[in-house]
Asker: 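If you scroll down you'll find the structure; I have some questions about it.
Computed over heavy atoms, backbone and side chain alike; hydrogens, waters and symmetry mates excluded. Proteins get letters first, then strands, A, B, ... in listed order; numbering begins at 1 in each.
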Number of protein chains: 2
Amino acid sequence: MDVLTIRDVARRCGLSEPTLRYYEDIGLIGPIGRDASGHRQYDTADLDLIGALSCLRATGVSIGDMRTYKANLANREETAAEQRDLLLRHAERIEAEIVAQHARIGYLRAKAAVWDARDHADGVAEAEAWQAVKEAAQHLGFH
Amino acid sequence: MDVLTIRDVARRCGLSEPTLRYYEDIGLIGPIGRDASGHRQYDTADLDLIGALSCLRATGVSIGDMRTYKANLANREETAAEQRDLLLRHAERIEAEIVAQHARIGYLRAKAAVWDARDHADGVAEAEAWQAVKEAAQHLGFH
DNA sequence: TTCTTGTGTTCAAGCGCTTGAGGTGTGTGA
DNA sequence: TCACACACCTCAAGCGCTTGAACACAAGAA
């Protein structure tokens with residue numbers, strides 16, 4: 001059970017150091033042990049929870065839901081199905097988000113084509129590009 | 001040139017009403033005209049800018065960059081190439097983000113499988129699922 | 001005519017961090 | 001041994017919204 005600094009944990013879990021301190025402040029993780037000079041000492045057991053929370057966070061899960069997830073860890077047996085569903089729900093959320101991201105890429109590229117046409121002072125290309133922007137915008141739900 | 005309420009604009013551009021007010025407060029859009037009772041009246045000319053900003057925002061573009069984009073609209077000819085590049089850069093950002101999202105989905109599903117195995121008290125399945133979680137975590141950069 | 005419903009308004013506070021200022025303790029090089 | 005870098009600390013303020021409270025106005029029902 002080796003000891004990790006806040007920097008190590010930040011790198012390995014994809015959270016910033018301030019975020020790790022913040023999560024500890026609000027009781028989402030920890031309390032984390034300290035060495036003689038007050039520096040945090042994470043152990044590998046902390047990594048698993050922090051990694052899971054980091055991933056939940058990256059998918060837009062609220063602090064409240066993360067608390068639920070953490071609280072459920074205490075009584076595994078009863079809440080296993082709930083945990084599974086929470087995770088699957090968020091996986092679906094991300095899938096929806098990916099679809100939206102594709103639509104955004106389409107819009108950005110279409111709009112970039114308009115500016116490219118303008119850069120080359122090509123009125124015909126610009127008109128075509130505008131058409132593509134309109135379609136992309138509809139895909140996004142704009143109008 | 002028909003007139004739109006804040007609600008119409010919010011729906012058509014995918015921004016919330018408070019966000020639209022906020023963007024006006026900080027000078028990112030507008031100023032927007034008002035009717036006799038102080039309600040905002042957007043016109044269709046506003047929609048194009050707001051739609052573009054909304055999409056930039058959705059891709060994580062900072063308010064500062066949005067200001068640049070808007071400022072560049074004033075002198076189109078000189079900045080056309082810059083506008084195009086700004087948009088393309090952000091399209092690439094989203095592509096990278098999508099890759100990350102796929103990795104997150106993998107992690108969430110793997111973790112869900114662990115809880116599912118626990119729910120069914122299936123030790124063998126749980127051990128296998130853990131293996132998948134480890135792989136998914138590596139994909140995410142979690143050591 | 002009053003009363004409710006709906007849509008808007010402003011202003012203040014909260015959220016989930018991020019950034020910055022200012023300080024502490026440890027380790028290495030001169 | 002002293003200087004300096006460096007990794008960490010706390011605390012406060014800022015960011016980009018969101019939420020909520022309290023109020024204004026217009027239209028239709030009782």
Asker: Would you check if there is a donor-acceptor pair between the side chains of B:T5 and B:D8 at a distance under 3.5 Å?
Answerer: yes

Asker: When you measure from the side chain of A:T79 to the backbone N and O of A:E82, does any donor-acceptor pair fall under 3.5 Å?
Answerer: no

Asker: Roughly, in whole Å, what's the span from CG in B:L4 to P in C:dT7?
Answerer: 16 Å

Asker: Any link between B:L88 and B:I94 through a network of hydrophobic side chains (Ile, Leu, Val, Met, Phe, Trp, Tyr) touching at under 4.5 Å?
Answerer: no

Asker: On DNA chain D, does the nearest nucleotide to A:R21 precede the nearest nucleotide to B:G64 from the 5' side, or the other way round? Give the residue.
Answerer: A:R21

Asker: Need one value for B:S16: base, sugar-phosphate or nothing, where a base atom within 4.0 Å counts as base even if backbone is also close, heavy atoms only.
Answerer: sugar-phosphate

Asker: Taking DNA chain D as the partner, which of residues 24-39 of chain A come within under 4.0 angstrom of it by heavy atom?
Answerer: A:R34, A:G38, A:H39

Asker: So, the side chain of A:E126 versus the backbone of A:A121: is there a donor-acceptor pair under 3.5 Å, distance only?
Answerer: no

Asker: Using atom types as modelled and distance alone, determine if a side-chain donor or acceptor of B:D43 lies under 3.5 Å from a backbone N or O of B:D46.
Answerer: yes

Asker: Strictly distance-based, threshold 3.5 Å: is any side-chain N or O of A:H139 a donor or acceptor partner for the main-chain N or O of A:E135?
Answerer: no

Asker: Any sub-3.5 Å donor-acceptor pair from B:Q101's side-chain atoms to A:E95's backbone N or O?
Answerer: no

Asker: Would you sort out whether B:R93 and B:E97 count as a salt bridge (charged side-chain N to carboxylate O under 4.0 Å, His left out), showing the intermediate values?
Answerer: CA-CA 6 Å; B:R93 249 181 79 117; B:E97 187 52 29; over 6 Å; no

Asker: If you find the nucleotide of DNA chain C closest to B:I6 and the one closest to A:Y22, which residue's nucleotide is nearer the 5' end?
Answerer: B:I6

Asker: Name the first nucleotide and the last nucleotide along DNA chain D (5' to 3') that come under 4.0 Å of a heavy atom in chain B.
Answerer: D:dG16 to D:dC25

Asker: Tell me what A:T5 touches on the nucleic acid: a base, only sugar-phosphate, or nothing, going by heavy atoms under 4.0 Å.
Answerer: sugar-phosphate

